[in-house]
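So the structure is just underneath, and the comments pick up after that.
So you know, we letter chains A, B, ... as the sequences are listed, proteins then strands, and number each from 1.
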There are 2 protein chains.
Amino acid sequence: MSEPETEAHDSGPAEAPERGIYDEDGVISPDFLARVGAAIADGDTAALKQGVASLHQSEIGDLLEALQPEQRRALVRLMGAEFDFTALTEVDEAIRLDIVESLPNEQIAEAVQQLDSDDAVYILEDLDPEDQEEILAQLPFTERVRLRRSLGYPEETAGRRMQTEFVAVPPFWTVGQTIDYMREDRNLPDSFSQIFVIDPTFRLVGAVDLDRILRTQRSVKIEDIMHETRHAIPATMDQEEAARIFEQYDLLSAAVVDENDRLVGVLTIDDVVDVITQEAEEDLLRMGGVGDEELSDSVLAAGRSRVPWLMVNLITAFLAASVISLFDATIEQVVALAVLMPIVAGMGGNAGSQTMTVTVRALATGDLGAHNAWRIIRREIGVGLLNGVVFATLIGLIAGTWFDSVTIGGIIAAAMIINMFVAALAGILIPLLLNRLGIDPAVASSVFLTTITDVVGFFAFLGLATWWFGLL
Amino acid sequence: MSEPETEAHDSGPAEAPERGIYDEDGVISPDFLARVGAAIADGDTAALKQGVASLHQSEIGDLLEALQPEQRRALVRLMGAEFDFTALTEVDEAIRLDIVESLPNEQIAEAVQQLDSDDAVYILEDLDPEDQEEILAQLPFTERVRLRRSLGYPEETAGRRMQTEFVAVPPFWTVGQTIDYMREDRNLPDSFSQIFVIDPTFRLVGAVDLDRILRTQRSVKIEDIMHETRHAIPATMDQEEAARIFEQYDLLSAAVVDENDRLVGVLTIDDVVDVITQEAEEDLLRMGGVGDEELSDSVLAAGRSRVPWLMVNLITAFLAASVISLFDATIEQVVALAVLMPIVAGMGGNAGSQTMTVTVRALATGDLGAHNAWRIIRREIGVGLLNGVVFATLIGLIAGTWFDSVTIGGIIAAAMIINMFVAALAGILIPLLLNRLGIDPAVASSVFLTTITDVVGFFAFLGLATWWFGLL
């Protein structure tokens, strides 16, 4: 802890050079990878355990992702009971499945018992139903019931992400009784930041933060210091919606309740942070026209997942081409039009996607609604016209000078203003409309947008030119 | 809490119809907005206090964003001391500044004293230096020193986001002493999940989670239950890097230390969640060619912020146009080429941006590094060739049939394969190169990419055609 450098504190284990598992870019270091690879090749269990067992689960996860498939399986096999299965919650789904399927179900059942229920569910949920059943059957009764309940909720709900271990006390207990109970009970969760207050039927009546308990006298009753749990989360709520509640109300943990308001688990902020980053990643990938692709996917899998988007764009492209073909006689006469037409379409597409990006984001954060939609639409039209006029003038001057023709300069300028205006309108109305129809605007907006800006761009430019040259 | 519906629990205050501030889309409801607007217009302070004072800070923030500028200022003025200033940490910077600048510095100084130091810094940091000084001068000594220290750290660092209120005890205290201290001290932070252990010079020696204290006997010494603080965060560390550490090691809070390893504050997960969503938003906006724009920006401000991106695209567009102009003689002969050429360029651009999206994301998460770069490059080339051949065949067949010419079908197919291959290469190499050069690949990659796919697309298609028709 003596270096003043930024890097000195941030990754504990990385400080000592003999354990430096990350390089300066924060990526697993090739040196460390080579050492682990050598230990795996030699079957050197002792070296592996020494180098890997003390790492944090997320560090082991990064290591697994960096290894070759056969090395991963060998590492887990060689480390045996000392392999930390929570590391599997930190890797891509394909890698997790590959490792889990290489292990006997008995070993998985053994390992799953050591995990918090949320981690266990995370590992079990992607397995095929027969394996899942076989593993569950080997667990102790309570464990099995808890995991079955979590797995019974739909995917990506709070019920799937919750931890079923929690501390719950009756409202009439005193602070002193509660503390004594926690000192004696060996069945507490690994860590917690809140205790829940329940009635005899397990209905949730409130919660108390730990700091509140610590600063209260022993004789005070729990019901006098508990707060109402305004943000109890139904187990069937979508995980993204639950994350938004955590974010809005700055929660560290929240009670998860079943349809009868009975406490069934607790959702914690660390899982929510994972949900937030995961959803942000999904949005980004979707806007880039990539589906649920992972870095570990093969050429074939990645190639296939990108086909739908390219196919949609293919149709769009031919639509735009057919607009151009309407004017082939004009192009034959004035080839400059063919040279300049991609500029009109392209600039419109870019301006429109700026508007669309802002709109999609504002919809996702709930900043855009009925109360301000008109204001934002007016603003975007204003921006479209403003930048339309600015860039129309500029492009008109350049194109006019290039082809030494005032006519061509004038035509492209007029087409630019039309297309930038339409682009702004489309950039805001398409996401609003898709959102209204219940379709994720991040996925579908940009296809419709470029179709419109291409078609309008080509049509306005070539149409104006045809009309004008027809007059001559 | 009786409805089984998803909406029933999520927003507490929204449950009772008379206080429903959000509509079903999670956006401030027009009804609520109208009621608040009427109360502001009538100067009805009582109604305002009743309707607004009990809301959560983030709800007041959403309300402020939905109001007109003059309404916002009036609301804050009318509510006086009952206005919760933490709500200002939940609104766009422009709105925050507008409100704060409408208030006398004395009132701000008064309000700032009630806030946690991180919220106070958040509000003060954007003010101009004279106002900041005037406000700080009116604060009590300790408060002033603490805020000055935070404000002394660079923007967007852990030091700016930390809370300077924390609980710290010496290692030789027992659990009992510590609990007694917390029961008596009235100067504790509003909420905390960890206490820190320090030596007499304020150097950090460890930390204890509250649940650990609660389950330990009173006689046990703190040093026996504390854990090493491997993830202490230097105050000068960039907030994004600090967020990544929280995310990787599932932290709820972390000690912030100065250059001498002395404890100066604590960074908490709720601030980190804000940083994560903010950074995700920035990435998304940047990839869409929009800068640090906010929804409250005016037409002129938004228009201006989008000009640089459009200007860069203008240059790109003219570059592509000049490539086309090289082949104007060929286009004059075969107008079909003008009709089809946007297809080649556009499909290349889309395929390339799929690759680029995956690459930019993998770089941001640290999943892509020296150890796997070659594997990913090979995979992307494979995907590019695979989809290149598939779509080349398809497009060749369609174009050949459309223009009833095997030659045109063959030429466009060949050009497609070339452009999809180049697009894949560019899609991965450009972000890798920019990253190596220390430039954010999210911002700059797509301009370079479309330049390359346009230029190569037009050049390959028109060049092949010119060569072929020249042979005839």
Side-chain angles (χ1 to χ4, degrees), chain A residues 1 4 6 9-10 12 26-27 30 33 58 66 182-183 191-193 210-211 214-215 230 232 234 237 245 247-248 250 259 261 269-270 273 280 288-290 295 299 302-303 306 313 317 321 324-325 328 331-332 335 338-339 343 346 350 354 357 362 366-367 369-371 379 382-383 386-387, chain B residues 1 4 6 9-10 12 26-27 30 33 58 66 182-183 191-193 210-211 214-215 230 232 234 237 245 247-248 250 259 261 269-270 273 280 288-290 295 299 302-303 306 313 317 321 324-325 328 331-332 335 338-339 343 346 350 354 357-358 362 366-367 369 371 379 382-383 386-387:
Chain A
M1 306 264 271
T6 307
H9 302 275
D10 70 4
V27 176
L33 206 57
S58 65
M182 287 192 271
R183 285 200 182 127
S191 73
F192 53 100
S193 59
L210 295 192
D211 61 292
L214 280 167
R215 47 180 133 182
R230 295 210 309 203
M237 182 185 275
I245 294 171
E247 224 179 303
Q248 171 154 28
D250 293 340
E259 64 281 10
D261 268 335
I269 180 77
D270 54 315
V273 168
V290 189
L295 212 57
V299 170
R306 296 186 197 168
N313 277 292
I324 300 173
S325 76
D328 50 4
I331 294 173
E332 216 161 2
V335 183
V339 173
I343 297 177
N350 283 310
Q354 289 181 324
T357 304
D367 286 342
H371 66 85
R379 184 187 82 158
V383 171
L386 183 71
N387 283 347
Chain B
M1 310 265 270
T6 306
H9 303 274
D10 71 4
V27 177
L33 206 57
S58 65
M182 289 191 271
R183 286 200 180 128
S191 73
F192 53 100
S193 60
L210 295 191
D211 60 294
L214 279 167
R215 48 179 131 183
R230 295 210 309 203
M237 182 185 275
I245 294 171
E247 222 179 305
Q248 171 153 29
D250 293 340
E259 63 282 10
D261 268 335
I269 182 75
D270 54 314
V273 168
V290 189
L295 211 57
V299 170
R306 296 186 197 168
N313 277 292
I324 300 174
S325 78
D328 51 4
I331 293 174
E332 217 161 1
V335 183
V339 173
I343 298 176
N350 283 312
Q354 289 181 323
T357 305
V358 174
D367 286 342
H371 66 85
R379 184 187 82 158
V383 172
L386 183 70
N387 282 347

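- Using a 4.5 Å cut-off between heavy atoms, V299(A) touches chain B through backbone and side chain atoms alike.
- Of all heavy-atom pairs spanning V339(A) and A321(B), the tightest one is CG1-O, 3.1 Å.
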message = Please evaluate residues V358(B) and R306(A) with respect to the criterion side-chain contact (heavy atoms from CB on, under 4.5 Å), reporting the C-alpha separation (whole Å), side-chain torsions for both, the decisive distance (0.1 Å), and the verdict.
response = CA-CA 11 Å; V358(B) 174; R306(A) 296 186 197 168; 3.9 Å; yes
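- Between chain A and the residues M182(B), E332(B), R215(B), E247(B), the largest count of heavy-atom pairs under 4.5 Å involves R215(B).
- When each of A362(B), S191(B), G369(B), P30(B) is scored by its heavy-atom pairs under 4.5 Å with chain A, the top score falls to S191(B).
- The contact between L210(B) and chain A is made by backbone and side chain atoms together, counting heavy-atom distances below 4.5 Å.
- Interface residue L214(B): backbone and side-chain heavy atoms are both found under 4.5 Å from chain A.
- Across every non-hydrogen atom of G303(B) and N387(A), the tightest pair is O-ND2, 3.3 Å.
- For I343(A), the parts sitting under 4.5 Å from any heavy atom of chain B are the backbone and the side chain alike.
- Looking at N313(A), both its backbone and its side chain come within 4.5 Å of chain B, counting heavy atoms on both sides.
- Counting heavy-atom pairs closer than 4.5 Å to chain A, the top-ranked of the candidates D270(B), I324(B), V27(B), D211(B) is D211(B).
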